[in-house]
Trainee: 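Take this structure first; my questions come after.
Numbering of ligands and ligand atoms starts at 1, following listing order. Values below: every heavy atom of this structure, side chains too, minus hydrogens, waters and symmetry copies.
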Amino acid sequence: MQVLVYGSGQLARMMYLAGAPLSIEVKAVDVSTKAVVHPISKAVLNNDLEQSIAAADVLTVEFEHVPEDLLAQASASGKLAPNMPAILIGADRVREKALLDKLEIANCTYEVITDVKQLEGITSRLGERIIFKASRDGYDGYGQWRAKSASDIPELVRQFVELDLQTVPIVAERMSDFSRELSLIGARNGSGEVVVYPLSENTHYEGQLHLSVAPAPDYTDELANQALTIFTKIANELDYIGVLAVELFQEGDTLLVNELAPRVHNSGHWSMHGAHTCQFENHLRAVCNLPLGSTHPRTVSAMVNIIGCDELGDAPLQMSDTHVHWYGKAVRAKRKMGHINVNADSYAELGQKLLGLNSQFPVEYFPELGPQAELLLSK
Ligand code: ATP
Ligand code: MG
């Protein structure tokens, strides 16, 4: 089988690694040059995208912001999975919100802003604390503005008049006082078979994912069922094929959907060592219409993102059940450079191991590691 992935970053790279044992050959499209590249070396394999589309059995994406002309060309081949409407929904917060409302899935109350005049009186409708998100091309907290009180609104009005809100509207959303963030990752194949991973608990810092723990501590059958219902409704509605990630907020005992990612997801990297089948393999199985693999957790896991830093010494290599994965990228501030998966038999042991890493790591790059490790000790 040959799979062509649009996007040539770390997610395509990890699909390549997962595909090799199944004899699934993964190639990547650099969407800025349209060249087909090797997902690891990035060496150009073919400058003729049409030829590569014709040679591939399946086309898929590693990110949702693929230029629409490329998506349309991929879709016209009849080999694209997930399908183009599903990818476009994941790429556009306005469409995403409309889908959630249509399916009656809980999400934060919002307004779609296409004119700055709509900011008048907005705090009386959504509350004092509001998060404004550009409807397209946002990631890792970019393209977002926050109002802590009504007095912040005039400054936002000044900024938003400069934007073309008709072309790229802003979704204004009430800030949630969630008790925690979770995500659900699952896969659906062409036969309609669905599998989901246990929920993962995710810690963000400045809008960027820093740490995931799976299965999420203190999670109940009731939460798992809510998450499964949400996943199944969305995946069936979209006739979705592939891995789909659903980012969630927990408020009391209720799950609210924050956003959807029509692809493998950073909060699912723990599955590479912590589940019987990792998300990358299950994505390939799904898009190639093969039977899906078990998502059962082997142990409890943590995934620690390595952000903005390219040297960590030997500490993670000296610890048992700990694996480092570098993405081979040049270092830049706030850039995801790799991740570390840590496995343990209990949350307390996981907390101890994370504290061990924290004592060796530069704290400026891992601000959440120590505090989250401490919390795990008592789980
Ligand atoms: P990513 O691509 O990394 O998932 P993103 O830039 O697409 O992020 P969101 O997931 O919508 O954007 O927001 C990033 C983070 O900001 C969330 O994980 C959450 O921590 C916080 N956040 C977003 N929306 C809200 C909200 N309504 N209430 C409270 N916090 C929020
Ligand atoms: Mg997000």
Trainee: Just to be sure I read this right, does ligand 1 sit under 4.0 Å from the backbone of N258, its side chain, both, or neither, counting only heavy atoms?
Mentor: side chain

Trainee: Taking the non-hydrogen atoms of E251, is any one of them nearer than 4.0 angstrom to ligand 1?
Mentor: no

Trainee: Inspect the contact between R129 and D177 and indicate whether a charged nitrogen and a carboxylate oxygen are less than 4.0 angstrom apart.
Mentor: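 Salt bridge flag = yes for R129 with D177.
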
Trainee: Need the ligand 1 atom indices (1-based, order shown) with element for anything under 4.0 Å from a heavy-atom of F178.
Mentor: 29 (C), 30 (N)

Trainee: How does Q144 reach ligand 1, if at all, at less than 4.0 Å between non-hydrogen atoms: by side chain, backbone, both, or neither?
Mentor: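 The part of Q144 near ligand 1 is the side chain, not the backbone.
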
Trainee: Give me the atom names and distance for the closest heavy-atom approach of I113 to I122.
Mentor: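 Closest approach of I113 to I122: CD1-CD1, 3.9 Å.
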
Trainee: For H296 and Y197, run ring pair (Phe, Tyr, Trp, His ring centres under 6.0 Å): C-alpha distance rounded to whole Å, both residues' side-chain angles, the deciding distance at 0.1 Å, then the answer.
Mentor: CA-CA 7 Å; H296 200 71; Y197 288 88; over 10 Å; no

Trainee: What N/O/S atom of E259 is the closest to the Mg ion (ligand 2)?
Mentor: OE2

Trainee: Could you tell me the separation between the CG atom of L184 and the CD1 atom of I230, rounded to the nearest 0.5 Å?
Mentor: 8.0 Å

Trainee: Looking at ligand 1, does R93 have a heavy atom less than 4.0 Å from it?
Mentor: yes

Trainee: Would N282 and T277 count as having a side-chain donor-acceptor pair, cut-off 3.5 Å?
Mentor: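 Result is no, nothing qualifies.
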
Trainee: Which atom, counting only N, O or S, brings E247 closest to the Mg ion (ligand 2)?
Mentor: OE1

Trainee: Suppose I only count heavy atoms of E247 and a 4.0 Å limit; which atoms of ligand 1 are within that range?
Mentor: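 Those atoms are 4 (O), 10 (O).
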
Trainee: Measuring from atom 5 (P) of ligand 1, which candidate in E259, E206, E96, R129 has the nearest non-hydrogen atom?
Mentor: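 Checking each option, the heavy atom nearest atom 5 (P) of ligand 1 is found in E259.
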
Trainee: Using 4.0 Å as the upper bound for N to carboxylate O, is an ion pair formed by K379 and D218?
Mentor: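 Yes, D218 and K379 are salt-bridged.
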
Trainee: Relative to ligand 1, is C108 under 4.0 angstrom through side chain, backbone, both or neither, heavy atoms considered?
Mentor: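 Only the side chain of C108 comes within reach of ligand 1.
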
Trainee: Using heavy atoms and a 4.0 Å limit, tell me yes or no: is I131 in contact with ligand 1?
Mentor: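 Yes, I131 has a heavy atom closer than 4.0 Å to ligand 1.
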
Trainee: Under 3.5 Å, is there a donor-acceptor pair between the D314 and Q318 side chains?
Mentor: no

Trainee: Take a 6.0 Å sphere around CD of E68 and say whether it holds more than 12 heavy atoms from other residues, nucleotides or ligands.
Mentor: no

Trainee: With the threshold set at under 4.0 angstrom, would you say E173 reaches ligand 1 through any of its heavy atoms?
Mentor: yes

Trainee: Does any part of the side chain of F132, heavy atoms only, come nearer than 4.5 Å to the side chain of L156, both counted from C-beta?
Mentor: yes

Trainee: Using heavy-atom distances, let me know which of H204, E181, R146, K133 sits nearest atom 16 (O) of ligand 1.
Mentor: R146

